[in-house]
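Computed from a predicted structure; not experimentally measured.
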Amino acid sequence: MENCILVFVEQRSGQIKKASLEALSQGKRIADQLNIELVAALIGENVGDKISELPKYGTKKVLLSESPAWKYYSPDGFARCIVGMAVEIKPSIILFPGTAMGRDLSPRVAASLKTGLASDCTDLSIEESRIQATRPMYSGKLYGKVSIPDAKPSIFTLRPNVFPVLDPIDGLSAEVIYFPPPSSIEELKARVIAIIAGESAKLDITEASIIVAGGRGMKGPEGFNILQELADVLGGSIGASRAAVDAGWIDHQHQVGQTGKVISPSLYIACGISGAIQHLAGMSSSKYIVAINKDQEAPIFKAADYGIVGDLFEVVPRLTEEIRKLKAE
Ligand code: FAD
């Protein structure tokens with residue numbers, strides 16, 4: 001298996017994350033170009049039945065660590081487990097989905113393996129037989145190309161919603177290689193003993209493909225109710241500007257931008273958001289941006305693909321109604 005690509009497949013409550021399938025799909029594209037093997041790593045409690053999902057995206061080998069010890073995510077424990085796998089199979093590349101878990105794990109693994117990590121990659125390509133990543137720098141003002149020439153394995157986290165998922169191919173199977181939890185598990189510095197779901201057990205905005213976001217123009221917390229209705233008909237999640245978060249109208253986990261989350265949904269609808277540079281840093285790589293603002297000079301319109309100049313309290317409910325009608329047809 002040496003020189004393979006190892007992809008960490010994140011699951012939560014037994015559900016494989018879409019961002020993991022994106023990483024697996026990109027791993028497959030790169031593995032084909034380099035003519036090397038693609039290997040998936042799956043860690044969790046009672047996740048064995050999810051293995052059959054993985055060969056559909058091109059992997060023929062799955063490293064499985066299944067144990068009651070993995071009921072909850074353990075940063076230290078999962079990292080040790082992946083390091084153990086990497087030491088055993090010696091991959092040349094490790095990919096993580098750029099989810100909260102992937103972003104937490106990847107630096108731990110990179111530090112343990114004394115190698116390099118490029119995070120939040122928006123492209124991976126092969127140049128002169130070497131893998132090269134493109135990643136945003138200076139809050140997305142420019143994109144840099146990064147390679148990790150002097151250390152192995154090269155580790156990358158992939159921004160969610162950027163890399164397309166391959167069409168699944170049914171009827172394929174994978175060899176499963178079992179990895180027990182590391183014997184040092186008792187020494188873990190921190191252990192999760194329970195998870196209390198917060199206000200939004202809904203999809204994290206970094207993984208949502210549709211986001212309806214509100215800013216100071218929402219005027220107050222109740223303004224977000226009309227955004228929630230629009231998000232519900234579209235099957236999306238709620239985002240916010242820092243102004244709305246700082247005002248206490250919505251929790252910080254919804255904040256988009258330089259000091260919030262960086263997102264790449266297919267559709268971003270910005271309502272009552274002016275488009276400050278620090279906000280754009282978090283959402284400018286969205287595929288389609290729609291801005292609703294009563295000020296036609298608002299900078300958000302420069303970033304938007306579609307703009308509606310008007311009062312959001314009139315526009316948003318009408319938009320919701322029209323989409324509801326369209327969906328009912
Ligand atoms: P405003 O700029 O006040 O814009 C409100 C908009 O709503 C206006 O354009 C107005 O025309 C429109 N509006 C008002 N009423 C209506 C209506 N009825 N209908 C339609 N439109 C209406 N900001 C972030 O968002 N994320 C970050 O991560 C972030 N990080 C920062 C980090 C630093 C170091 C600093 C200095 C700032 C940061 N900011 C961040 C803050 C940023 O500079 C802006 O202050 C903030 O984004 C403004 O939020 P806003 O667009 O909601 O509010």
Side-chain angles (χ1 to χ4, degrees), residues 10 17-27 29-30 95-103 106 117-125 131-147 156-166 203-215 227 231 234-245 252-293 298-307:
E10 175 182 341
K17 293 276 190 172
K18 176 172 167 268
S20 301
L21 299 181
E22 293 168 7
L24 207 52
S25 298
Q26 186 60 18
R29 289 183 201 100
I30 297 291
L95 303 182
F96 287 87
T99 53
M101 193 189 285
R103 283 181 280 122
S106 49
L117 161 71
S119 58
D120 199 25
C121 303
T122 54
D123 192 25
L124 285 182
S125 58
I131 187 156
Q132 191 167 265
T134 304
R135 59 184 301 278
M137 292 170 155
Y138 303 109
S139 300
K141 286 191 197 67
L142 54 88
Y143 283 79
K145 291 204 165 186
V146 186
S147 65
F156 304 96
T157 65
L158 308 190
R159 185 183 282 196
N161 290 324
V162 171
F163 296 90
V165 176
L166 290 170
L203 194 58
D204 186 271
I205 56 168
T206 55
E207 295 166 52
S209 58
I210 297 178
I211 291 174
V212 181
L227 299 192
L234 290 168
S237 296
I238 295 288
S241 73
R242 177 164 160 177
V245 172
H252 178 260
Q253 65 180 306
H254 297 273
Q255 185 179 318
V256 173
Q258 189 179 319
T259 44
K261 291 179 177 167
V262 177
I263 54 168
S264 292
S266 308
L267 175 63
Y268 186 79
I269 306 180
C271 307
I273 292 176
S274 60
I277 187 82
Q278 297 88 352
H279 188 79
L280 297 179
M283 43 61 78
S284 55
S285 64
S286 307
K287 197 162 181 195
Y288 292 104
I289 297 171
V290 177
I292 303 171
N293 199 302
I300 190 78
F301 286 122
K302 290 205 178 80
D305 299 284
Y306 299 95

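The main-chain N or O of S241 is never found under 3.5 Å from a side-chain atom of H279 such that the two would form a donor-acceptor pair. Distance alone, capped at 3.5 Å, is enough to place a donor-acceptor pair between the S20 side chain and the E10 backbone. No side-chain donor-acceptor contact under 3.5 Å links R135 to the backbone of D120. Judged by distance alone, with hydrogens and angles left aside, the side-chain atoms of S25 form a donor-acceptor pair with the main-chain N or O of L166 at under 3.5 Å.
Here S209 contributes atom OG and Y268 contributes atom OH; the two are 14.5 Å apart, rounded to the nearest 0.5 Å. Rounding to the nearest 0.5 Å gives a distance of 13.0 Å between CZ of R29 and OG of S125. Between the CG atom of D204 and the NE2 atom of H254 there is a distance of 9.5 Å, given to the nearest 0.5 Å. Once rounded to the nearest 0.5 Å, the distance linking SG of C121 with CD of Q132 reads 11.0 Å. Considering CZ of F163 and CG of D123, their distance stands at 5.5 Å, rounded to 0.5 Å.
Of all heavy-atom pairs between A23 and P97, the closest is CB-N, 4.3 Å. Between F96 and S106, the shortest heavy-atom distance links the atoms CD1-CB, 3.6 Å. Scanning both residues, T99 and A19, for their nearest heavy atoms gives CG2-CB, 3.7 Å. Residues I263 and I211 come closest through the heavy atom pair CD1-CD1, 3.5 Å. Nearest heavy-atom pair, I205 versus S237, reported as atom, atom and distance to 0.1 Å: CG2-CB, 4.1 Å. Considering every non-hydrogen atom in both K261 and Q253, the closest pair reads NZ-O, 3.1 Å.
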With side-chain contact (heavy atoms from CB on, under 4.5 Å) as the test, would you mind laying out the steps for I300 and L280 before giving the verdict? CA-CA 8 Å; I300 190 78; L280 297 179; 4.1 Å; yes
Stepwise, does the side-chain contact (heavy atoms from CB on, under 4.5 Å) test hold for Q278 with T259? CA-CA 8 Å; Q278 297 88 352; T259 44; over 6 Å; no
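Side-chain contact check for T122 versus S285: every heavy-atom pair is 4.5 Å or farther apart. The shortest side-chain heavy-atom distance between L95 and L124 falls under the 4.5 Å cut-off. Using a 4.5 Å cut-off on side-chain heavy atoms (C-beta onward), V256 and I273 make no contact. A heavy-atom distance below 4.5 Å is found between the side chains of K17 and E207. No side-chain heavy atom of L158 sits under 4.5 Å from any side-chain heavy atom of E22. In this structure, K18 and N161 have side chains that are in contact, with non-hydrogen atoms separated by less than 4.5 Å. Put simply, the side chain of V290 reaches to within 4.5 Å of the side chain of L267, judged on heavy atoms. Between I131 and F156, some side-chain heavy-atom pair lies under the 4.5 Å cut-off.
Around atom OH of Y143, more than 12 heavy atoms belonging to other residues, nucleotides or ligands sit under 6.0 Å away.
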